[in-house]
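Numbers here simply count residues along the sequence, with the first being 1.
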Amino acid sequence: MRTISESKCFGGVQGVYAHASEATGTEMTFGLFLPEEAAAGPVPVLWFLSGLTCTHENAMVKAGAQKWAAEQGIAVVYPDTSPRGEGVADDAAWDLGQGAGFYLNATEAPWAKHYRMWDYIADELPALVTRNFAVDGERQAITGHSMGGHGALTLALSLPGRFRSVSAFAPICNPMKSDWGRKQFTAYLGPDEARWHAHDASVLMFARHFAGPVLIDTGTADEHAAKLGTPAMALAIAERRQPATLRLQPGYDHGYFFVSSFMEDHIAFHAEALWA
């Protein structure tokens with residue numbers, strides 16, 4: 001692992017690091033905010049998964065999480081959204097390939113060689129972070145935006161006991177029924193839709209229970225509302241009797257002004273679970 005940058009931030013340190021990934025077979029870059037308390041010992045950690053076209057940098061710079069994380073004494077990890085580099089499969093479309101990993105392990109050519117973002121986020125990066133930084137692997141929470149909200153929900157629902165809480169900003173809730181899902185699942189996982197179920201948060205919510213609290217925010221003016229599948233998630237939550245808060249925020253769109261407006265709420269929500 002190598003340090004790209006480290007900057008003082010709200011009493012803590014905002015770092016950017018790169019390492020050789022066994023999961024993806026590429027160099028991967030991630031951001032990590034450590035609050036001041038990390039100097040005295042391991043602190044709880046919140047994972048922030050970003051959306052389509054993003055790198056580790058988008059949420060790190062635009063979401064405004066550091067101020068609120070510093071107040072709550074928790075770390076925030078900002079992974080990249082896909083493998084990158086020479087020889088890594090890509091597509092001319094902005095919603096497939098590099099920047100659009102969808103937090104799954106691809107099984108189809110040419111994606112399968114490097115696009116193993118599930119293994120990277122679920123296993124490799126958490127092990128590396130907890131091994132090298134003052135982060136408590138027993139106290140984890142997860143959130144994300146758009147495609148990252150999809151990833152946060154599917155990981156939380158599929159890894160029982162891993163995360164104490166999960167939240168999402170404008171998540172892709174029902175990708176099996178969305179243009180932001182069917183195209184990518186066909187490319188990465190093949191045409192057999194039975195193989196897609198494990199990566200559809202609404203399908204998973206119907207089938208499983210999340211033991212911790214759930215918070216989802218989506219704007220009523222979201223320009224991508226038809227692709228998100230929010231009603232399917234609301235129905236799944238109701239049918240499953242899952243304790244959850246799903247809020248429709250009046251007038252907000254899909255962007256980072258929306259995310260930053262409610263970041264304080266989400267950090268406080270996770271801090272309550274992480275410090276319990």
Side-chain angles (χ1 to χ4, degrees), residues 4-5 16-32 47-63 65 76-122 124-125 142-155 168-173 175-176 178-190 196 199-201 222-224 226-229 253-260:
I4 296 175
S5 66
V16 178
Y17 309 94
H19 68 105
S21 167
E22 293 184 6
T24 68
T26 66
E27 182 175 77
M28 296 294 290
T29 301
F30 66 95
L32 170 64
W47 294 83
F48 190 109
L49 306 186
S50 290
L52 288 164
T53 75
C54 292
T55 69
H56 71 281
E57 189 175 31
N58 295 73
M60 186 181 79
V61 173
K62 297 179 180 179
V76 185
V77 183
Y78 306 91
D80 202 348
T81 56
S82 76
R84 301 177 191 272
E86 186 177 352
V88 176
D90 201 6
D91 191 89
W94 60 271
D95 58 355
L96 185 68
Q98 295 186 35
F102 264 76
Y103 302 102
L104 51 76
N105 287 340
T107 58
E108 306 300 299
W111 314 103
K113 182 178 180 180
H114 297 295
Y115 283 74
R116 304 194 64 79
M117 290 301 293
W118 182 277
D119 285 351
Y120 179 68
I121 299 296
E124 184 178 22
L125 188 56
I142 192 166
T143 188
H145 172 225
S146 193
M147 179 186 72
H150 140 80
L153 290 166
T154 56
L155 281 156
F169 300 87
I172 304 171
C173 297
M176 291 183 65
S178 169
D179 290 342
W180 282 353
R182 296 191 62 82
K183 171 184 176 179
Q184 294 82 2
F185 287 2
T186 300
Y188 296 145
L189 301 174
W196 302 0
H199 297 285
D200 188 301
D222 193 311
E223 62 273 32
H224 302 297
K227 298 177 182 177
L228 301 182
D253 64 15
H254 195 73
Y256 270 99
F257 292 122
F258 156 64
V259 173
S260 61

To the nearest 0.5 Å, tell me how far [X] [atom1] sits from [Y] [atom2].
| X | Y | atom1 | atom2 | value |
| --- | --- | --- | --- | --- |
| I121 | N105 | CD1 | CG | 11.0 Å |
| F258 | S146 | CZ | OG | 10.0 Å |
| N58 | T53 | CG | OG1 | 6.0 Å |
| K227 | L52 | NZ | CG | 9.0 Å |

Using side-chain heavy atoms (C-beta onward) and a distance below 4.5 Å, is [X] in contact with [Y]?
| X | Y | result |
| --- | --- | --- |
| M117 | P83 | yes |
| W47 | L125 | yes |
| L228 | I172 | yes |
| S50 | Y78 | no |
| P175 | Q184 | no |

Heavy-atom pair with the smallest gap, counting every atom of [X] and [Y]:
| X | Y | value |
| --- | --- | --- |
| T81 | C54 | OG1-O, 2.5 Å |
| F48 | A59 | CE2-CB, 3.3 Å |
| P79 | V77 | CD-O, 3.4 Å |
| A18 | I4 | CB-CD1, 3.9 Å |
| Q98 | D90 | N-OD1, 2.9 Å |
| P110 | A89 | O-CB, 3.7 Å |

Q: Mind telling me whether Y17 and F30 have parallel, tilted or perpendicular rings, with 30° and 60° as the class edges?
A: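 If you compare the ring of F30 with that of Y17, the planes turn out tilted.
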Q.
Restricting to side-chain contact (heavy atoms from CB on, under 4.5 Å), what partner residues turn up for A23, sequence neighbours left out?
A.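 Listed in chain order: S21, D119, Y120, E124.
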Q: Not counting sequence neighbours, which residues clear side-chain contact (heavy atoms from CB on, under 4.5 Å) with E57? List them please.
A: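 side-chain contact (heavy atoms from CB on, under 4.5 Å) list for E57, sorted by chain: T55, M60, V61.
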(Q) By the definition ring-ring contact (aromatic ring centres under 6.0 Å, His included), identify the one residue from W196, W111, W118, Y103 that meets it with Y188. (A)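 It is W111, the one option of W196, W111, W118, Y103 that forms the ring-ring contact (aromatic ring centres under 6.0 Å, His included) with Y188.
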Q) Residues in salt bridge (Lys or Arg N to Asp or Glu O under 4.0 Å) with E108, at least two apart? A)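 Per chain and number, E108 pairs via salt bridge (Lys or Arg N to Asp or Glu O under 4.0 Å) with R195.
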Q: Taking salt bridge (Lys or Arg N to Asp or Glu O under 4.0 Å) as the test, write out the residues that go with D200, two or more places apart.
A: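 D200 satisfies salt bridge (Lys or Arg N to Asp or Glu O under 4.0 Å) with no other residue.
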Q | side chain to side chain contact (heavy atoms under 4.5 Å, CB included) evaluation trace for V16 with T29 | A | CA-CA 7 Å; V16 178; T29 301; 3.6 Å; yes
Q. How far apart are the C-alpha atoms of L49 and L155, what are their side-chain angles, what is the distance that settles it, and do they pass the side chain to side chain contact (heavy atoms under 4.5 Å, CB included) test?
A. CA-CA 11 Å; L49 306 186; L155 281 156; 3.8 Å; yes
Q | Stepwise side chain to side chain contact (heavy atoms under 4.5 Å, CB included) test for H199 and F185 | A | CA-CA 9 Å; H199 297 285; F185 287 2; 3.8 Å; yes
Q. Who are the ring pair (Phe, Tyr, Trp, His ring centres under 6.0 Å) partners of H224, not counting sequence neighbours?
A.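 Partners of H224 by the ring pair (Phe, Tyr, Trp, His ring centres under 6.0 Å) criterion, ordered by chain and then number, come out as W180, H254.
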Q: Evaluate side chain to side chain contact (heavy atoms under 4.5 Å, CB included) for R84 paired with T26, printing each intermediate quantity in order.
A: CA-CA 7 Å; R84 301 177 191 272; T26 66; over 6 Å; no
(Q) Tell me if the NZ atom of K183 is crowded by more than 12 foreign heavy atoms within 6.0 Å. (A)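 Counting other residues, nucleotides and ligands, NZ of K183 exceeds 12 neighbours.
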(Q) Listing request: all salt bridge (Lys or Arg N to Asp or Glu O under 4.0 Å) pairs with a residue in residues 17-28, at least two apart in sequence or in separate chains. (A)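 Applying salt bridge (Lys or Arg N to Asp or Glu O under 4.0 Å) to every pair that reaches into residues 17-28, excluding sequence neighbours, yields R2-E27.
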